Amino acid sequence: MSQRDGNYCDGFLSVIEKPLRLRQIEPNTGGRGKYMAAMATAEVCDSNAALLASGELRVLPPIFQTYGQRGVFSGPIVTLKVFEDNVLVRELLETKGEGKVLVIDGGGSMRCALVGGNLGQLAQNMGWAGIVVSGCIRDVDEINSCDIGIRALGSHPLKSNKKGIGEKQVPIYVAGTLIRDGEWLYADSDGILISKCELSI
């Protein structure tokens, strides 16, 4: 049992109200690990009206562009709140990802990029499963060659500031959706889900 902002999560959320369509993906574990089953987001939504109604399962608005070689990814969330400054983005990506997903509340800024090719490669090398940016990326061709899943609002050629201002592992809002550090993210070609707990097959 774990505690997040006063809310308790007792084990896994069950998503077996009806059979799910599964995909086979290889987790980004730095070359380690076996293939794992990935739940289709559409099937999860169809099977879990109650969780959607309660807010334990949330759907991000369809505003994100898809980048990187992994169209399907999932993992526990690490949150970051910054604005047009990516120093803390690098700091987090320099730590072992261990299959986690970095979710960046960049304030939706379309004036500069928070993630570029070097950070995309770093995330891949450190074992992050994916990055979701409420903001922009750049070096799109380089990022698309990285074995990682990335979602962002768009691309912008201008780099960000380097002041180191921001907050790590705090509750954030992305496109009006509350996301807490330690929750789970599931992404595929249909969209992005945020779950209070890891979903069980």
Side-chain angles (χ1 to χ4, degrees), residues 23-31 36 38-42 58-162 166 172-177 179 183-194:
R23 299 185 177 97
Q24 291 295 319
I25 61 170
E26 184 180 3
N28 185 4
T29 56
M36 62 182 288
M39 286 167 281
T41 59
R58 283 148 275 150
V59 183
L60 292 188
I63 59 176
F64 294 94
Q65 304 297 315
T66 299
Y67 305 95
Q69 291 190 0
R70 300 225 172 214
V72 179
F73 61 95
S74 63
I77 293 169
V78 176
T79 59
L80 177 62
K81 183 179 179 66
V82 296
F83 187 71
E84 299 181 356
D85 185 329
N86 76 345
V87 171
L88 297 185
V89 177
R90 174 175 287 278
E91 285 186 7
L92 281 173
L93 292 178
E94 286 175 341
T95 65
K96 291 183 179 180
E98 299 176 331
K100 296 184 178 77
V101 178
L102 179 59
V103 180
I104 305 169
D105 173 6
S109 173
M110 305 295 284
R111 301 192 302 187
C112 64
L114 291 175
V115 176
N118 289 337
L119 292 185
Q121 186 65 50
L122 176 64
Q124 173 191 303
N125 294 343
M126 295 304 292
W128 291 83
I131 304 171
V132 175
V133 187
S134 179
C136 293
I137 65 166
R138 69 177 194 168
D139 305 323
V140 171
D141 290 340
E142 293 178 36
I143 282 180
N144 283 341
S145 70
C146 293
D147 189 15
I148 187 172
I150 296 181
R151 301 287 194 273
L153 299 181
S155 61
H156 198 293
L158 184 65
K159 66 181 180 181
S160 69
N161 296 319
K162 310 291 181 185
I172 59 175
Y173 283 89
V174 171
T177 301
I179 302 175
E183 294 189 310
W184 279 71
L185 183 144
Y186 297 84
D188 63 12
S189 54
D190 284 328
I192 303 172
L193 300 180
I194 306 296

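It should be emphasised that the depicted structure is a prediction, and the values quoted were computed from it without experimental measurement.
- For Ala129 against Ile148, the heavy-atom pair with the smallest separation is O-CG1, 3.5 Å.
- Minimum interatomic distance between Pro76 and Gly99 (heavy atoms only, all atoms of both residues): CD-O, 3.8 Å.
- Going from atom CZ of Arg138 over to atom CG of Leu158 covers 7.5 Å, rounded to the nearest 0.5 Å.
- One distance of note links CZ of Arg151 with CG of Leu185; it measures 8.5 Å at 0.5 Å rounding.
- Contact between Ile179 and Arg58 at its shortest, heavy atoms only, is CA-NH1, 4.1 Å.
- When all heavy atoms of Ile194 and Ile77 are compared, the closest pair comes out as CD1-CD1, 3.9 Å.
- Nearest heavy-atom pair across Tyr186 and Ser74 is CD2-CB, 3.5 Å.
- Residues Ala42 and Asp190 approach most closely at CB-OD2, 3.7 Å, considering heavy atoms.
- Rounding to the nearest 0.5 angstrom, the gap separating the CG atom in Leu80 from the CD1 atom in Ile172 is 7.5 Å.
- Using a 4.5 Å cut-off on side-chain heavy atoms (C-beta onward), Leu122 and Glu94 make contact.
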Check against side chain to side chain contact (heavy atoms under 4.5 Å, CB included), Leu102 and Val115: CA-CA 11 Å; Leu102 179 59; Val115 176; over 6 Å; no
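- Looking at Val132 and Phe73, their side chains come closer than 4.5 Å, going by heavy atoms from C-beta outward.
- Residues Arg90 and Asn118 meet the side-chain proximity criterion, which asks for heavy atoms closer than 4.5 Å.
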Thr95 vs Val78, side chain to side chain contact (heavy atoms under 4.5 Å, CB included): CA-CA, chis, key distance, verdict: CA-CA 11 Å; Thr95 65; Val78 176; over 6 Å; no
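- For the atom pair CD1 of Ile137 and OH of Tyr67, the computed distance is 5.0 Å after rounding to the nearest 0.5 Å.
- Residue Lys96 places its NZ atom among 12 or fewer non-hydrogen atoms of other residues, nucleotides or ligands, all under 6.0 Å distant.
- The SG atom of Cys136 sits 6.0 Å away from atom CG of Leu153, with the distance rounded to the nearest 0.5 Å.
- Rounded to the nearest 0.5 angstrom, Glu84 CD and Ser160 OG are separated by 8.5 Å.
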